[in-house]
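Both counts, for ligands and for their atoms, begin at 1 and track the order of listing.
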Amino acid sequence: MRAGTIFALSSGGLPSGVAVIRISGPDCRTAVAQLCGAVPPERRASLRSIRDRNGDVIDQGIVLFFPGPNSFSGEDCAELQIHGGRATVAAVLSALGVIDGLRPAEAGEFSRRAFLNGRMDLVEVEGLADLIAAETEMQRRLAGEQASGGLSRLYDSWAKRLTHARAMIEAELDFADEDDVPGSVAASIWSDMHALAQDILNHTDGARVGEIVRDGLKVVIAGPPNAGKSSLLNYLAQRDVAIVTDVPGTTRDVLHVDLDIGGYAVRLYDTAGLRETDDVVEREGIRRTRLSLQQADLVLLLSDDDVTDAADFLGNFSGPFLRIRSKSDIFGETLPDRAIDVMISTKSGDGVDDLIERIRAYLPTLEVGNALALPTRARHRDGLVTCREHILAALQNVSAGLDIQAEHLRLAAQALGRITGRVDVENLLDVIFSEFCIGK
Ligand SMILES: Nc1nc2c(ncn2[C@@H]2O[C@H](COP(=O)(O)OP(=O)(O)OP(=O)(O)O)[C@@H](O)[C@H]2O)c(=O)[nH]1
Ligand SMILES: [K+]
Ligand SMILES: [Mg+2]
């Protein structure tokens with residue numbers, strides 16, 4: 001960890017009604033005293049004049065001081081709530097910058113200190129990053145549960161079960177020579193380990209849902225040129241994101257917009273129309289379309305004609321797709337192919353609500369009020385899979401002996417500990433904290 005006392009603007013873009021500047025570190029008290037004359041009473045909002053080094057008043061604002069270790073970062077922390085003008089904020093930041101021992105914070109540095117001081121574990125840190133980034137109600141609920149420790153409590157309870165099992169096995173190994181009832185302790189332990197492996201499996205089954213809620217359902221619009229793909233993207237985004245012309249092959253880059261459907265995030269991609277072409281740029285566009293099809297959770301196969309062979313357009317994609325007949329305002333009279341799921345027109349808006357309903361069917365259904373303790377990242381899922389594999393290895397390797405079984409349980413606990421960051425995660429930290437903005 002880089003030393004020093006850090007400061008940053010923690011509130012959003014300027015100008016704003018109020019701007020919050022945060023300070024954390026060993027010289028926090030000195031800094032607050034220098035700016036405000038004295039350190040205000042702990043954890044109480046105090047109105048103070050904020051002065052520069054020459055004693056000139058820069059602004060008046062609310063000053064809060066939180067002594068460590070019971071602060072966000074675990075260090076002495078302060079918040080200056082000042083007027084959110086650009087010049088005011090710049091003046092206060094530069095007044096802080098000239099104080100000995102103070103420097104601007106790096107992205108995520110407040111949270112990183114909170115983690116290193118044991119105020120949050122890694123899963124909570126990730127939840128907090130997601131909470132700040134949350135744009136839909138379901139993202140907010142999932143991230144909120146994770147940031148406030150819901151998921152961590154679950155993993156900690158599993159870690160406890162593993163520790164208990166290992167302790168019992170150790171005890172059995174230690175007293176193996178004595179005239180104890182052999183195997184009696186282990187029996188209940190193994191049945192619990194069996195149950196734990198199942199609990200983990202049930203939980204990882206939710207990983208797909210967690211990732212869809214967090215990252216959004218990836219919906220790719222594909223089809224022949226001029227089908228109206230970009231028109232559909234623009235219609236659903238309610239703005240002119242993509243260029244629409246009557247020239248086939250208009251779209252080359254893959255574009256996306258984020259939609260909110262019933263509180264869930266949906267990331268909708270517009271792609272280049274699929275056809276044989278000699279145009280180098282268009283061919284590159286089509287290559288990109290194929291790549292985005294590989295990532296799709298759902299494909300909207302759009303055509304103003306009957307698509308006879310969906311496979312021509314879908315390539316290797318084997319997931320769910322909807323066949324959509326576009327431009328129903330022109331072609332509405334013609335009887336659709338049996339295989340058509342929805343008819344739409346982005347000119348009249350007909351059928352679009354129906355299409356949204358069809359997309360909704362591919363979204364998870366999380367009931368309000370249920371705890372949303374779901375794994376949200378590949379990192380979580382990988383750790384859980386490894387953990388479970390070791391538990392199963394411990395259960396299956398009876399003939400290998402108790403100490404080999406105990407070793408598998410130790411490795412299982414280690415995999416779990418890496419998720420919450422309780423064991424060697426140094427190499428992960430830069431990746432995780434770089435997700436944050438400065439000031440958090
Ligand atoms: N009448 C009518 N015209 C439409 C509709 N949707 C799109 N169009 C027209 O069809 C033409 C092609 O639309 P685009 O949205 O550019 O089609 P695209 O599938 O993105 O085309 P490429 O990017 O070239 O593959 C444009 O002239 C649109 O105005 C519709 O619902 N009704
Ligand atoms: K076009
Ligand atoms: Mg287009």
Side-chain angles (χ1 to χ4, degrees), residues 216-259 261 266-317 319-360 362:
L217 186 81
K218 295 187 190 69
V219 179
V220 174
I221 310 173
N226 264 3
K229 301 181 295 298
S230 303
S231 303
L232 177 60
L233 181 91
N234 289 349
Y235 188 92
L236 291 172
Q238 296 176 343
R239 57 201 162 92
D240 268 337
V241 184
I243 299 174
V244 168
T245 73
D246 57 7
V247 180
T250 301
T251 304
R252 274 88 193 283
D253 290 315
V254 175
L255 295 177
H256 71 255
V257 295
D258 290 322
L259 306 176
I261 299 185
V266 171
R267 182 159 279 194
L268 185 68
Y269 294 83
D270 176 29
T271 62
L274 295 162
R275 64 167 171 181
E276 294 296 325
T277 171
D278 290 331
D279 185 315
V280 189
V281 186
E282 196 179 349
R283 276 222 303 265
E284 174 57 20
I286 291 170
R287 192 184 69 85
R288 292 176 187 217
T289 303
R290 298 254 173 246
L291 284 179
S292 46
L293 281 171
Q294 286 171 21
Q295 313 289 322
D297 295 312
L298 172 67
V299 172
L300 306 183
L301 185 55
L302 198 65
S303 174
D304 59 12
D305 202 352
D306 288 345
V307 175
T308 40
D309 194 358
D312 288 350
F313 297 103
L314 296 174
N316 294 331
F317 176 76
F321 64 94
L322 293 172
R323 289 174 197 251
I324 303 160
R325 168 77 79 82
S326 59
K327 308 186 189 176
S328 65
D329 54 296
I330 310 176
F331 302 112
E333 298 305 313
T334 46
L335 263 182
D337 182 299
R338 275 169 181 271
I340 294 293
D341 293 299
V342 195
M343 297 246 288
I344 60 160
S345 164
T346 53
K347 283 265 168 354
S348 68
D350 283 348
V352 177
D353 286 346
D354 187 20
L355 174 61
I356 292 174
E357 277 315 305
R358 299 296 294 260
I359 296 173
R360 207 190 271 266
Y362 294 91

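A donor-acceptor contact shorter than 3.5 Å links the side chain of Asp279 to the backbone of Val281. Side-chain N or O atoms of Thr271 include one that pairs as donor or acceptor with a backbone N or O of Ile221 at under 3.5 Å. Although no hydrogens or angles enter the test, the distance criterion places no donor-acceptor pair under 3.5 Å between the side chain of Asp350 and the main chain of Ser345. Proximity of a side-chain donor or acceptor of Asp297 to a complementary backbone N or O of Lys218 within less than 3.5 Å is detected. Of the possible polar contacts, one joining the Thr289 side chain to the Ala272 backbone as a donor-acceptor pair under 3.5 Å is found. A donor-acceptor pair under 3.5 Å is absent between the side-chain atoms of Asp240 and the main chain of Asn234, judged by distance alone.
Per-residue contacts place Thr245 under 4.0 angstrom from the following atoms of ligand 1 (heavy atoms of the residue considered): 11 (C), 12 (C), 13 (O), 16 (O), 26 (C), 27 (O). Of all atoms in ligand 1, numbered sequentially from 1 with element shown, those under 4.0 Å from a heavy atom of Lys229 are 15 (O), 17 (O), 18 (P), 19 (O), 20 (O), 21 (O), 22 (P), 25 (O). Each of the following atoms of ligand 1 lies closer than 4.0 Å to a heavy atom of Pro248: 24 (O). Under a 4.0 Å criterion applied to the non-hydrogen atoms of Thr346, ligand 1 contributes the atoms 5 (C), 6 (N), 30 (C), 31 (O). Close approach to Asp246 involves these atoms of ligand 1, each under 4.0 Å from a residue heavy atom: 27 (O).
Distance check: Ile243 CD1 to Ser231 OG gives 12.0 Å after rounding to the nearest 0.5 Å. For the atom pair CD1 (Ile359) and CG (Leu217), the distance works out to 8.0 Å, reported to the nearest 0.5 Å.
Polar contact with ligand 1: present for Gly228 (N/O pair, distance under 3.5 Å). The distance criterion of under 3.5 Å between nitrogen or oxygen atoms is met by Ser231 with respect to ligand 1. Between Pro225 and ligand 1, not a single N/O pair is under 3.5 Å apart. Ligand 1 has a nitrogen or oxygen under 3.5 angstrom from a nitrogen or oxygen of Lys327. Ligand 1 has no nitrogen or oxygen under 3.5 angstrom from a nitrogen or oxygen of Asp270.
Taking only non-hydrogen atoms, the option from Ser326, Gly249, Gly273 nearest to atom 24 (O) of ligand 1 is Gly249.
Here Ser230 reaches the Mg ion (ligand 3): one of its N/O/S atoms is less than 2.8 Å from the metal. For the Mg ion (ligand 3), the set of nearby N, O or S atoms under 2.8 Å includes one belonging to Thr251. Taking backbone and side-chain atoms together, Ser230 has no N/O/S atom less than 3.4 Å away from the K ion (ligand 2). For the K ion (ligand 2), the N/O/S atoms of Gly273 include none lying under 3.4 Å.
A donor-acceptor contact under 3.5 angstrom links the side chains of Asp270 and Ser230, judged on distance only.
No side-chain heavy atom of Arg283 sits less than 4.5 Å from a side-chain heavy atom of Arg287. Annotation: side chain of Tyr235 is in contact with side chain of Val352 (closest heavy-atom distance under 4.5 Å).
The closest protein non-hydrogen atom to atom 21 (O) of ligand 1 is Asn226 N, 3.0 Å. Looking from atom 28 (C) of ligand 1 to the surrounding protein, the closest heavy atom is Val244 CG1, 3.7 Å. Scanning all protein heavy atoms for the shortest distance to atom 1 (N) of ligand 1 gives Asp329 OD2, 2.8 Å. Of the protein's non-hydrogen atoms, the one nearest atom 29 (O) of ligand 1 is Lys347 NZ, 3.4 Å. Atom 23 (O) of ligand 1 has as its closest protein heavy atom Thr251 OG1, 2.8 Å.
Between Lys327 and Asp304, at least one side-chain nitrogen of the basic residue sits less than 4.0 Å from a carboxylate oxygen of the acidic one, meeting the salt-bridge criterion.
Only side-chain heavy atoms of Ile330 come within less than 4.0 Å of ligand 1; its backbone N, CA, C and O stay farther off. Only the backbone of Val247 comes within contact range of ligand 1, with a heavy atom under 4.0 Å; no side-chain atom does.
Note on ligand 1: Ile344 sits outside its first shell, no heavy atom being nearer than 4.0 Å.
Tested against Ile261, the residues Val266, Leu236, Val219 include a single side-chain contact (heavy atoms from CB on, under 4.5 Å) partner, Val266.
Angle O(Thr245) to the K ion (ligand 2) to OG1(Thr250), rounded to 10°: 90°.
Around the CG atom of Leu291, the shell of radius 6.0 Å holds more than 12 heavy atoms that belong to other residues, nucleotides or ligands.
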